[in-house]
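Reminder, nothing fancy here: chain letters follow the sequence lines and each chain counts from 1. We use all heavy atoms of the structure for the numbers below, so side chains are in, but hydrogens, waters and symmetry mates are not.
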Number of protein chains: 2
Amino acid sequence: MSTIYDVARRAGVSPKTVSRVLNSDGPVGEKTREAVEAAMRELGYVRSNAARMMRAQKSGIIGLITGAISTKNQPSTQQGLPDLYIVQGIQRALESSGMTVMIADTAGRNDRVPHLIDTFLSHRVEGLIYVAEYHQEVNLTQLPDDTPLVLANCFDARGTPAVVPDDRRLQRDLVRRLIAAGHRRIAYLSLRPDMVAGRLRPQGYREALEEAGLPFDPALLQHVDFDQPEIGPQLLWDTIDRMLQLDQPPSVLCCGNDQMAMMVYGILRSMGRKVPDEIGVAGFDNYRAIAETLYPPLTTVDLPYNAIGVRAGERLMQLISGDGRNDHSPVQVAGPVHWRASVTELRPENVISFKTPREEKQ
Amino acid sequence: MSTIYDVARRAGVSPKTVSRVLNSDGPVGEKTREAVEAAMRELGYVRSNAARMMRAQKSGIIGLITGAISTKNQPSTQQGLPDLYIVQGIQRALESSGMTVMIADTAGRNDRVPHLIDTFLSHRVEGLIYVAEYHQEVNLTQLPDDTPLVLANCFDARGTPAVVPDDRRLQRDLVRRLIAAGHRRIAYLSLRPDMVAGRLRPQGYREALEEAGLPFDPALLQHVDFDQPEIGPQLLWDTIDRMLQLDQPPSVLCCGNDQMAMMVYGILRSMGRKVPDEIGVAGFDNYRAIAETLYPPLTTVDLPYNAIGVRAGERLMQLISGDGRNDHSPVQVAGPVHWRASVTELRPENVISFKTPREEKQ
DNA sequence: CCGTTTCATGACACCGATGTCATGACACCG
DNA sequence: CGGTGTCATGACATCGGTGTCATGAAACGG
């Protein structure tokens, strides 16, 4: 691979002049510039990042640690790959800055994280982002260095800058919407309470009920460990069965996530209950491969992974450029409700208030 | 960040000696080694890859180009993220070699590929892998350089080393298994024929029929563009309806992929047909988030994305180490059938032949 | 006890790009 | 016409490791 020296020789100038052409510092004569550019083209010259970053003491590299790519071995993981969208968002946010993103995968083993961090440091990354597979608290080994770190989809006790989904608010918005559609008996099938989402989402559910003056019925809030290998479907079946046996059964089942909702579809139909006519189903995530393909399509709320990534990327760029605003509270990100055919509008008159001005004009 | 010079000064030795400790070339006295290691620990020394690769003229970096991370904007993409498993496989294959994998995302725009390649070349990557979102033919701009390139999940007309799924064989194996289970009228709902999978998989289906001496009925092989935004479900509904109206309706619906199978579940149930008692459903991909969670779980065949990645990584390492075996035929990878509850065994006696020796002992 | 080999270590150059400073050629101004 | 400023360009050092070669000391053999 050719170097600036090769280019310089071919163009009959000094290496420094080639450098000037490359970087547009200092002045370069018109003819010289053309000669240099021609030489570069002819040699297929590509500038060496290694030499460059060595001199400049800047790598232009951002390190990204994620389990996204190999999450499937973990037993209790729900759908698996959503945090890929976070990575996508990060890339989008960093694209304009000219940074190169280097992604390392934990391969499902958290004990490899220190090694990955070491590799990144040896590349002299200018910043690090750790992306968790699902909203959780983490505890990374302290970075020995002053390299900035941002946590995405997770947080820690040290107050490291973090960006997380606003589970509470998202669930509240969805349940609000269900209430607005006329539903009064809303069941909530929650994820395990040892997951952050399994705690925050039920909170949002209860908040929406309270706001609307609806009573909270403990019988309608159940935690279900639905993704257990064997017994998961049984647990879910049993929980739904009990709810439907109640004196006042629910008119809609709110599920902890879209994958649970998919399983609920099958169970309800095996029970001979029609969705949405006899009972509605709502999800959480807007995991589109599921939500849009299910039949009928699933009402759910957008867990904005993309936005989380973008925000995390932006936050990191701030830190790198020295904007050390010590915001110890994590950034919370929310997203829109997606209303689809899996829940009926019990009171059609309510629908009107949800039309946009534009639609009303038509 | 400290350098070998800092370490050397602290340990009272020369930089070269520190280098020797790092790389275990040349001999180093016991005491000296300890002093150097202590100094490194105290300073939190991490060796600079930039300087290293500059001297060694080796970057230790593999470039990976994929649309995996941002595929969702594309209109005609089926499920979206499976090629992430390919990336995982590649990482696994390259892990032991000490290479660092740098992933670049096309952000859904193929016109960015040349730019990404340039970035990689400026990092002096030692090899490149291009990962396609689904099995397809591609046409990358010729690499100006002698950097080795491997295609994963795609191939080109130039005979670039490639690793692809063996769609034909996978489908044949699945249909064989259905036939072994006693099914004789097997319908095939294919993906669009302009996709490679939409051509190869039906071929495998027909091969399995021929092998078994079963007649091929054109009415049972239909292409369905099921993931069209609006009309997809309608098209699918209509196709299934027609098939079920036949004099000899099928006993099992073989779907082009798992996502289509998920949609078929909903449609069959809305038609009042029970799965698997009245009609069986089979998928393709073993997209576990769907196949295992659907109710009943889906019989499907493993599209071995992981293995494709591993093979691609291995192939690239061969090329880098100079093993230029000019294998112009793409490597074809297959995987196992996953038999789950969505298809019944019509003739139980057949099941015996599928028991493993171990099971028979019990 | 002297010549030769082995061991432990250091001096120095080099990889490729770029920051600093110097140099020569003009142009401009009083 | 001499002094000064601008422009175009190059020489040289530098970033942090590592390959090459040299050096001095200890060990070994006869």
**Report entry** Under-4.0 Å side-chain N/O to phosphate OP1/OP2 contact, B:Arg33 with C:dA8
**Finding:** no

Query raised in the report: Does the side chain of B:Asn23 get closer than 4.0 angstrom to OP1 or OP2 of D:dT18 through an N or O atom?
Result: yes

Report task. Determine which nucleotide pairs with D:dT18, using a 3.5 Å limit on both distances of a Watson-Crick or G-U wobble pair. Result -> C:dA13

Query raised in the report: When you match A:Ala50 and B:Pro15 each to their closest nucleotide on DNA chain C, which lands nearer the 5' end?
Result: B:Pro15

Report task. Between D:dG17, C:dA17, C:dG10, spot the one nearest the side chain of A:Tyr45, thanks. Result -> C:dA17

Report task. Would you indicate which nucleotide in C:dT9, D:dG16, C:dG16 comes nearest to any side-chain atom of A:Gln57? Result -> D:dG16

Query - Watson-Crick or G-U wobble partner of C:dG30, both distances under 3.5 Å - result: D:dC1

Query raised in the report: What's the closest nucleotide to the A:Arg55 side chain, out of D:dT18, C:dA8, C:dG19?
Result: C:dG19

Query raised in the report: Has the side chain of B:Thr17 got a donor or acceptor atom that lies under 3.5 Å from a matching backbone atom of B:Val13?
Result: no

Report task. Give the nucleotide from the list C:dT18, D:dT9, C:dA13 with an atom nearest to the side chain of A:Pro27. Result -> D:dT9

Query raised in the report: Side-chain N or O of B:Arg52 less than 4.0 angstrom from OP1 or OP2 on D:dT18?
Result: yes

Report task. Indicate whether OP1 or OP2 belonging to D:dG10 is found under 4.0 Å from a side-chain N or O atom of A:Thr17. Result -> yes

